[in-house]
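A short write-up of the structure that comes next.
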Amino acid sequence: AQSVSQHNHHVILSEAASLELGCNYSYGGTVNLFWYVQYPGQHLQLLLKYFSGDPLVKGIKGFEAEFIKSKFSFNLRKPSVQWSDTAEYFCAVGGGGSYIPTFGRGTSLIVHP
Amino acid sequence: DAGVTQSPTHLIKTRGQHVTLRCSPISGHKSVSWYQQVLGQGPQFIFQYYEKEERGRGNFPDRFSARQFPNYSSELNVNALLLGDSALYLCASSLTGEGPLHFGNGTRLTVT
(Lines give C-alpha, C1' and ligand atoms only; values in the text may rest on other atoms or scores of the structure.)
Protein backbone atom coordinates (compact mmCIF):
# COMPACT_ATOMS: atom_id res chain seq x y z
CA ALA A 1 0.00 0.00 0.00
CA GLN A 2 1.21 3.45 -0.80
CA SER A 3 2.00 5.94 1.94
CA VAL A 4 2.45 9.69 1.96
CA SER A 5 4.71 11.52 4.39
CA GLN A 6 4.56 15.19 5.25
CA HIS A 7 7.45 15.88 7.55
CA ASN A 8 6.55 19.40 8.62
CA HIS A 9 3.51 19.18 10.87
CA HIS A 10 3.53 22.77 12.05
CA VAL A 11 5.15 25.71 10.29
CA ILE A 12 5.12 29.30 11.50
CA LEU A 13 6.33 32.07 9.21
CA SER A 14 6.25 35.83 8.96
CA GLU A 15 4.70 37.49 5.95
CA ALA A 16 7.01 37.68 2.92
CA ALA A 17 9.00 34.65 4.06
CA SER A 18 9.50 31.81 1.61
CA LEU A 19 7.70 28.52 2.09
CA GLU A 20 8.59 24.96 1.27
CA LEU A 21 6.51 22.04 2.54
CA GLY A 22 7.83 18.55 2.06
CA CYS A 23 5.89 15.60 0.67
CA ASN A 24 7.30 12.13 0.02
CA TYR A 25 5.49 9.03 -1.13
CA SER A 26 6.34 5.36 -1.18
CA TYR A 27 5.22 4.08 -4.58
CA GLY A 28 7.70 4.02 -7.45
CA GLY A 29 5.40 3.66 -10.42
CA THR A 30 3.19 6.13 -12.21
CA VAL A 31 1.55 8.51 -9.77
CA ASN A 32 -0.93 11.36 -9.74
CA LEU A 33 0.08 14.03 -7.26
CA PHE A 34 -2.00 16.68 -5.53
CA TRP A 35 -1.78 19.43 -2.97
CA TYR A 36 -5.00 20.42 -1.21
CA VAL A 37 -5.55 23.34 1.12
CA GLN A 38 -8.07 23.86 3.87
CA TYR A 39 -8.52 27.46 5.00
CA PRO A 40 -10.04 28.01 8.45
CA GLY A 41 -13.73 27.17 8.38
CA GLN A 42 -13.69 26.07 4.76
CA HIS A 43 -13.68 22.77 2.94
CA LEU A 44 -10.66 21.12 1.36
CA GLN A 45 -9.88 22.51 -2.06
CA LEU A 46 -7.39 21.71 -4.76
CA LEU A 47 -4.25 23.85 -4.84
CA LEU A 48 -2.47 22.14 -7.71
CA LYS A 49 -2.02 18.78 -9.39
CA TYR A 50 0.50 16.80 -11.43
CA PHE A 51 -0.43 13.98 -13.77
CA SER A 52 2.34 14.10 -16.38
CA GLY A 53 4.52 16.50 -18.34
CA ASP A 54 6.46 19.42 -16.89
CA PRO A 55 7.46 18.39 -13.35
CA LEU A 56 7.19 21.99 -12.16
CA VAL A 57 3.53 22.65 -11.60
CA LYS A 58 1.97 26.02 -10.92
CA GLY A 59 -1.21 26.31 -8.92
CA ILE A 60 -3.48 28.97 -7.56
CA LYS A 61 -2.41 31.90 -5.38
CA GLY A 62 1.24 31.76 -6.42
CA PHE A 63 1.92 28.24 -5.22
CA GLU A 64 4.03 25.78 -7.17
CA ALA A 65 5.27 22.25 -6.65
CA GLU A 66 8.06 20.21 -8.16
CA PHE A 67 7.83 16.50 -8.87
CA ILE A 68 11.21 14.82 -8.42
CA LYS A 69 10.72 11.20 -9.39
CA SER A 70 14.12 10.04 -8.16
CA LYS A 71 13.38 11.39 -4.70
CA PHE A 72 9.72 10.32 -4.63
CA SER A 73 8.94 13.89 -3.67
CA PHE A 74 6.41 16.57 -4.54
CA ASN A 75 7.30 19.59 -2.42
CA LEU A 76 5.12 22.68 -2.29
CA ARG A 77 6.69 26.13 -2.54
CA LYS A 78 5.74 29.77 -2.45
CA PRO A 79 8.34 32.55 -2.68
CA SER A 80 6.52 35.00 -0.42
CA VAL A 81 3.70 33.99 1.89
CA GLN A 82 0.83 36.17 2.98
CA TRP A 83 -1.25 36.16 6.15
CA SER A 84 -4.13 34.76 4.09
CA ASP A 85 -2.08 31.61 3.39
CA THR A 86 -2.70 30.48 6.96
CA ALA A 87 -4.29 27.06 6.48
CA GLU A 88 -3.81 23.29 6.60
CA TYR A 89 -1.98 21.85 3.59
CA PHE A 90 -2.38 18.23 2.51
CA CYS A 91 -0.35 16.28 0.00
CA ALA A 92 -2.17 13.42 -1.74
CA VAL A 93 -0.90 10.71 -4.05
CA GLY A 94 -2.72 8.30 -6.31
CA GLY A 95 -0.88 5.29 -7.70
CA GLY A 96 0.20 1.74 -6.99
CA GLY A 97 -2.57 0.14 -9.00
CA SER A 98 -5.19 2.38 -7.46
CA TYR A 99 -5.51 6.01 -8.42
CA ILE A 100 -7.66 6.76 -5.41
CA PRO A 101 -5.69 9.47 -3.60
CA THR A 102 -3.97 8.70 -0.31
CA PHE A 103 -3.48 11.76 1.89
CA GLY A 104 -0.63 12.77 4.13
CA ARG A 105 -1.35 13.90 7.67
CA GLY A 106 -1.16 17.55 6.74
CA THR A 107 0.90 20.61 7.65
CA SER A 108 -0.52 23.46 9.65
CA LEU A 109 0.85 26.77 8.37
CA ILE A 110 0.49 29.94 10.41
CA VAL A 111 1.62 33.19 8.83
CA HIS A 112 2.08 36.16 11.13
CA PRO A 113 1.35 39.60 9.66
CA ASP B 1 -22.78 26.01 -9.31
CA ALA B 2 -23.69 23.89 -6.34
CA GLY B 3 -20.74 22.17 -4.79
CA VAL B 4 -20.71 18.88 -2.95
CA THR B 5 -23.37 18.91 -0.27
CA GLN B 6 -23.36 16.73 2.82
CA SER B 7 -25.99 16.18 5.46
CA PRO B 8 -26.28 16.46 8.33
CA THR B 9 -23.51 18.87 9.26
CA HIS B 10 -23.31 17.66 12.83
CA LEU B 11 -24.52 14.50 14.52
CA ILE B 12 -24.32 13.10 18.04
CA LYS B 13 -24.87 9.38 18.56
CA THR B 14 -24.32 6.92 21.38
CA ARG B 15 -22.22 3.79 21.26
CA GLY B 16 -23.92 0.89 19.53
CA GLN B 17 -26.20 3.03 17.41
CA HIS B 18 -25.99 3.28 13.65
CA VAL B 19 -25.70 6.34 11.49
CA THR B 20 -26.37 7.29 7.87
CA LEU B 21 -24.52 10.15 6.25
CA ARG B 22 -25.57 11.58 2.90
CA CYS B 23 -23.76 13.22 0.04
CA SER B 24 -24.79 14.87 -3.20
CA PRO B 25 -22.01 15.27 -5.77
CA ILE B 26 -21.42 18.12 -8.12
CA SER B 27 -23.71 17.85 -11.13
CA GLY B 28 -22.06 15.70 -13.80
CA HIS B 29 -19.69 13.96 -11.41
CA LYS B 30 -20.14 10.21 -11.44
CA SER B 31 -17.71 9.29 -8.68
CA VAL B 32 -18.13 9.75 -4.95
CA SER B 33 -15.46 9.06 -2.36
CA TRP B 34 -15.77 8.95 1.40
CA TYR B 35 -12.98 9.85 3.79
CA GLN B 36 -12.68 9.92 7.57
CA GLN B 37 -10.63 12.69 9.15
CA VAL B 38 -9.73 12.67 12.82
CA LEU B 39 -8.18 15.67 14.50
CA GLY B 40 -4.55 16.16 13.56
CA GLN B 41 -4.59 13.63 10.76
CA GLY B 42 -5.16 13.67 7.04
CA PRO B 43 -8.28 12.22 5.44
CA GLN B 44 -8.34 8.42 5.50
CA PHE B 45 -9.96 6.71 2.54
CA ILE B 46 -13.09 4.66 3.27
CA PHE B 47 -14.89 4.01 -0.04
CA GLN B 48 -15.06 5.11 -3.62
CA TYR B 49 -18.00 4.56 -5.94
CA TYR B 50 -18.11 5.14 -9.66
CA GLU B 51 -21.23 4.66 -11.73
CA LYS B 52 -22.90 2.98 -8.74
CA GLU B 53 -20.18 0.34 -8.44
CA GLU B 54 -17.72 0.12 -5.57
CA ARG B 55 -14.31 0.87 -7.01
CA GLY B 56 -12.26 0.86 -3.84
CA ARG B 57 -12.44 0.22 -0.15
CA GLY B 58 -10.05 1.39 2.52
CA ASN B 59 -8.94 -0.39 5.66
CA PHE B 60 -12.17 -0.01 7.62
CA PRO B 61 -14.23 -2.71 9.34
CA ASP B 62 -17.37 -4.22 7.86
CA ARG B 63 -19.42 -1.96 10.12
CA PHE B 64 -18.83 0.65 7.45
CA SER B 65 -20.84 0.36 4.26
CA ALA B 66 -21.87 2.66 1.47
CA ARG B 67 -23.84 2.81 -1.70
CA GLN B 68 -24.37 5.11 -4.65
CA PHE B 69 -27.76 5.80 -6.14
CA PRO B 70 -28.78 6.22 -9.81
CA ASN B 71 -28.60 10.02 -9.40
CA TYR B 72 -24.98 9.55 -8.17
CA SER B 73 -25.73 10.67 -4.63
CA SER B 74 -24.32 8.45 -1.93
CA GLU B 75 -24.87 7.24 1.59
CA LEU B 76 -22.31 6.10 4.13
CA ASN B 77 -23.62 3.81 6.86
CA VAL B 78 -21.84 2.94 10.06
CA ASN B 79 -23.25 0.27 12.38
CA ALA B 80 -22.51 -0.48 16.01
CA LEU B 81 -20.84 2.87 16.56
CA LEU B 82 -17.71 3.04 18.69
CA LEU B 83 -16.21 6.04 20.44
CA GLY B 84 -13.35 5.86 17.96
CA ASP B 85 -15.73 6.53 15.08
CA SER B 86 -15.96 10.15 16.21
CA ALA B 87 -14.53 12.13 13.34
CA LEU B 88 -15.23 14.43 10.43
CA TYR B 89 -16.60 12.42 7.52
CA LEU B 90 -15.81 13.93 4.17
CA CYS B 91 -17.47 13.26 0.88
CA ALA B 92 -15.73 14.16 -2.36
CA SER B 93 -16.91 13.93 -5.92
CA SER B 94 -15.01 13.80 -9.17
CA LEU B 95 -15.65 13.09 -12.79
CA THR B 96 -13.93 9.70 -12.77
CA GLY B 97 -12.42 9.17 -9.32
CA GLU B 98 -8.83 9.48 -10.49
CA GLY B 99 -8.72 13.18 -10.93
CA PRO B 100 -9.02 16.06 -8.54
CA LEU B 101 -11.51 15.59 -5.75
CA HIS B 102 -14.09 18.22 -4.87
CA PHE B 103 -14.89 18.06 -1.19
CA GLY B 104 -17.97 18.90 0.79
CA ASN B 105 -17.86 20.58 4.19
CA GLY B 106 -18.16 17.26 5.95
CA THR B 107 -20.34 15.75 8.66
CA ARG B 108 -19.00 16.03 12.19
CA LEU B 109 -19.94 12.81 14.02
CA THR B 110 -19.60 12.60 17.78
CA VAL B 111 -20.11 9.25 19.47
CA THR B 112 -20.69 9.37 23.23
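Chain A is the first sequence line, chain B the second, and so forth, proteins listed ahead of strands; every chain is numbered from 1.
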**Message:** What residues of residues 36-51 of chain B make heavy-atom contacts with chain A at a cutoff under 4.5 angstrom?
**Reply:** B:Q37, B:G40, B:Q41, B:G42, B:P43, B:F45, B:Q48
**Prompt:** Are there residues of residues 102-112 of chain B that reach to under 4.5 Å of chain A by heavy atoms, and which ones?
**Reply:** B:F103, B:G104, B:N105
**Complete:** In A:Y39, A:F103, A:Y36, A:F63, the residue satisfying ring-ring contact (aromatic ring centres under 6.0 Å, His included) with A:Y89 is A:F63
**Prompt:** Between A:K49 and A:F34, is NZ or CZ placed under 6.0 angstrom from the six-membered ring centre and within 45° of the ring axis?
**Reply:** no
**Prompt:** Mind checking which of residues 71-92 of chain B sit less than 4.5 Å from chain A, heavy atom to heavy atom?
**Reply:** B:L90
**Prompt:** At what distance, to the nearest 0.5 angstrom, does CZ of A:F74 lie from CG of A:N32?
**Reply:** 10.0 Å
**Asked** Are A:L19 and A:V57 in one and the same hydrophobic cluster, where Ile, Leu, Val, Met, Phe, Trp and Tyr link if side-chain heavy atoms are under 4.5 Å apart?
**Response** yes
**Asked** Of all heavy-atom pairs between A:P101 and B:L101, which one has the smallest distance, and what is that distance?
**Response** CG-CD1, 4.0 Å
**Item:** Hydrophobic cluster membership, B:L11 vs B:F60, 4.5 Å side-chain cutoff
**Value:** yes
**Item:** Toward chain B, the part of A:Q38 with a non-hydrogen atom under 4.5 Å
**Value:** side chain
**Request:** List the atom of A:G104, the atom of A:F90, and the distance in Å for their closest heavy-atom pair.
**Result:** O-CD2, 3.6 Å
**Request:** Decide, yes or no, whether a salt bridge links A:K78 with A:D85 under the criterion of side-chain N to carboxylate O below 4.0 Å.
**Result:** yes
**Message:** Would you compute the distance between atom CG of A:L13 and atom CD1 of A:I110 and round it to the nearest 0.5 angstrom?
**Reply:** 10.0 Å
**Largest heavy-atom contact set with chain B, pairs under 4.5 Å, which of A:Q6, A:E88, A:H9, A:H43** = A:H43
**Prompt:** Just how far is it from atom SG of A:C91 to atom CG of A:L76, taken to the nearest 0.5 Å?
**Reply:** 8.5 Å
**Item:** Connected-component partners of B:L95 among ILVMFWY, side-chain separation under 4.5 Å
**Value:** none
**Item:** N/O donor-acceptor pair under 3.5 Å between A:E64 side chain and A:K58 backbone
**Value:** no
**Request:** Tell me whether A:Y50 is reachable from A:L46 by hopping between hydrophobic residues (I, L, V, M, F, W, Y) whose side-chain heavy atoms are closer than 4.5 Å.
**Result:** no
**Message:** For the backbone of A:S14 and the side chain of A:W83, can you confirm whether one donor and one acceptor N or O come within less than 3.5 Å of each other?
**Reply:** no
